[in-house]
Q: 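Dropping the structure in here first, questions after.
Note that these values count all heavy atoms, side chains included, but never hydrogens, waters or copies made by symmetry. Each chain gets a letter, A, B and so on, in the order its sequence line appears, and its residues count up from 1.
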Number of protein chains: 2
Amino acid sequence: MRVPARSVVYREQTAATWIFINTEGVLKTFKDLRSGRRWVTAFLFPKDVFGLAKNGLYVRTAQAITPATLYRIESHALIALLRRDAELQFQFLSKVTHELREAQRQTIVVGRRDAVGRVAMFIQQLECTCCDRHNARDIELPMSRSDIASYLGLSLESISRATAKLQRRGIVAFPNRHLARILDRAQFDRLSKAI
Amino acid sequence: MRVPARSVVYREQTAATWIFINTEGVLKTFKDLRSGRRWVTAFLFPKDVFGLAKNGLYVRTAQAITPATLYRIESHALIALLRRDAELQFQFLSKVTHELREAQRQTIVVGRRDAVGRVAMFIQQLECTCCDRHNARDIELPMSRSDIASYLGLSLESISRATAKLQRRGIVAFPNRHLARILDRAQFDRLSKAI
DNA sequence: CGTAGTATTGAAACGGATCAATATCTGTGG
DNA sequence: CCACAGATATTGATCCGTTTCAATACTACG
């Protein structure tokens, strides 16, 4: 499946027919809260599995941020397959376990009170995720500031102020809105690791 | 395995020899942060599995809050078993998927800014967990206020003020430090669900 | 019954949210 | 290719709630 940027792959509370794996591009999953806010729960990079259902319904909405390429398989088919093939299932289990760690990490990030720290951890997370180009020092931020804000549980303005502060202190440079470059690794690590 | 209250089941960064399942009692898992704070990541109730490793090491410390009874199995043995028995593995996968949902819920809870809302969601979570005695209206809070605070990412004082506020408003009564009783279900639900 | 850990309450300060104004970017059509 | 409009982002001022520090009260265990 090739999907253009901004297209909605599935919507929350609809029948969870398919399970997806991302092979190219970046997507996000989010929930619309009754307060009108939008809660971004995850960014999906290549190799990420998504579309796990709860009671046969999708829990979140999935939307492409950049053009993306996905594989999809029917949930029933996958489950039948997993039940038959223990080795395949084990790979899948590893995947879910990894997701669990990510979710727990996310809890830690959101639990931090200071905005600069959260943004630093977020940038570090992206750096790890896209580690293929780790030597190229520029980290891509395909998502909007607003997406980052609702992912980190902060206001859009706080993100802006945090990035400005990182830049002013000479820790991270933002050549443009979708790029970050770590200038002072020592200070950066202190921020992103000192929980 | 029977363990008395306060005993440490395993310590973070030690070799993850065993995987555990709780059958009776309540435990907590936590990380000691370099800031000196203690981050409580989970409370473990009967049927909860814990001790999943990362790179062969435990990620957190597990400690009993009340006297507890556990089963344990060697990680290698379990993995070998799962690789052979797809059906058993599937049950395990379901368990981990459930844990994943819990972790995601926890992110939502911690992401809320208001203390009263977080405490309400926490109490609701406990109510669901111990749903066997749902008709008995008293909810047990075996953990200390301090544990709740570091689980919810709040200060001990904020927990105290939040419970006081819930009590003053007639929404929840706290007959003693380890019990809660929901008095006004409508208001309570509005607090705990209005994300 | 006393002591140490645990919990509550009060006052002041800090930091993020919000509201508001302005700036910058992106994509579209002229 | 440029200009324009709408979306996106930055910056400033003020407000509100949590944190922190400090003092006091409670509880559990020896």
Q: Of the nucleotides dA9(D), dT6(C), dG16(C), which one has an atom closest to the side chain of Arg177(B)?
A: dT6(C)
Q: For Gly153(A), which contact category applies under a 4.0 Å heavy-atom criterion: base, sugar-phosphate, or nothing?
A: sugar-phosphate
Q: For the residue pair Phe20(B) and Tyr58(B), categorise the inter-ring angle as parallel (less than 30°), tilted (30 to 60°) or perpendicular (more than 60°).
A: tilted
Q: Measuring from the side chain of Ser158(B) (C-beta onward, heavy atoms only), which nucleotide among dT19(D), dT9(C), dT27(D) has the closest atom?
A: dT19(D)
Q: First locate atom CZ of Arg168(B), then atom OG1 of Thr163(B), and finally report the distance between them rounded to the nearest 0.5 Å.
A: 9.5 Å
Q: Using the side-chain heavy atoms of Ala164(B), tell me which of these nucleotides is nearest: dT9(C), dA20(C), dA7(C).
A: dT9(C)
Q: Indicate, with a heavy-atom threshold strictly under 4.0 Å, whether Leu154(A) touches base, sugar-phosphate, or nothing.
A: sugar-phosphate
Q: Which residue, Ala115(B) or Arg6(B), contacts DNA chain D at a nucleotide closer to its 5' end, judged by nearest heavy atom?
A: Ala115(B)
Q: Does Ser155(A) put a side-chain nitrogen or oxygen below 4.0 Å from OP1 or OP2 of dT18(C)?
A: no
Q: Is the phosphate of dT8(C), meaning OP1 or OP2, less than 4.0 Å from a side-chain N or O of Arg161(B)?
A: no
Q: Side-chain N or O of Arg37(A) versus OP1/OP2 of dT18(C): is the shortest distance under 4.0 Å?
A: yes
Q: Think Arg145(B) has a side-chain N or O under 4.0 angstrom from the OP1 or OP2 of dT8(C)?
A: yes
